[in-house]
Amino acid sequence: MRGQLGFDEGGGAVLDVCGSVILLDHADRPLPDGVDGSWVEVRVAPDNVTAWPYEV
């Protein structure tokens, strides 16, 4: 999926995909400085995707 990367009020990463905002849970490393507002493509294996509170 492709979208615009940003941060929520708590500093969590979010991806805006055509107006739908998806909360991202990322690795232990913080995201690099200057990525807020960047356009990104996210590729994830299906077995690593969850939709809280359900397993996809």
Side-chain angles (χ1 to χ4, degrees):
M1 70 186 139
R2 295 179 184 140
Q4 194 167 19
L5 186 63
F7 298 99
D8 64 11
E9 298 82 27
V14 295
L15 186 64
D16 184 332
V17 179
C18 297
S20 295
V21 178
I22 301 167
L23 178 63
L24 300 176
D25 185 13
H26 51 89
D28 294 335
R29 301 183 304 200
L31 294 174
D33 291 336
V35 299
D36 189 23
S38 298
W39 287 90
V40 297
E41 180 175 291
V42 178
R43 295 180 187 188
V44 181
D47 58 332
N48 291 325
V49 175
T50 59
W52 186 86
Y54 305 101
E55 187 77 26
V56 176

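Counting begins at 1 with the first residue of the sequence.
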[X]-[Y] co-clustered via ILVMFWY side chain contacts under 4.5 Å:
X: Leu5; Y: Val49; answer: yes
X: Val44; Y: Ile22; answer: yes
X: Trp39; Y: Phe7; answer: no
X: Val35; Y: Val42; answer: yes
X: Val40; Y: Leu24; answer: yes

If you measure from CG on Asp16 to CZ on Arg2, what distance do you get to the nearest 0.5 Å?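 Going from the CG atom of Asp16 to the CZ atom of Arg2 covers 15.5 Å.
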Which heavy atom of Gly34 sits nearest to which heavy atom of Ser38, and what is that distance? O-OG, 3.9 Å
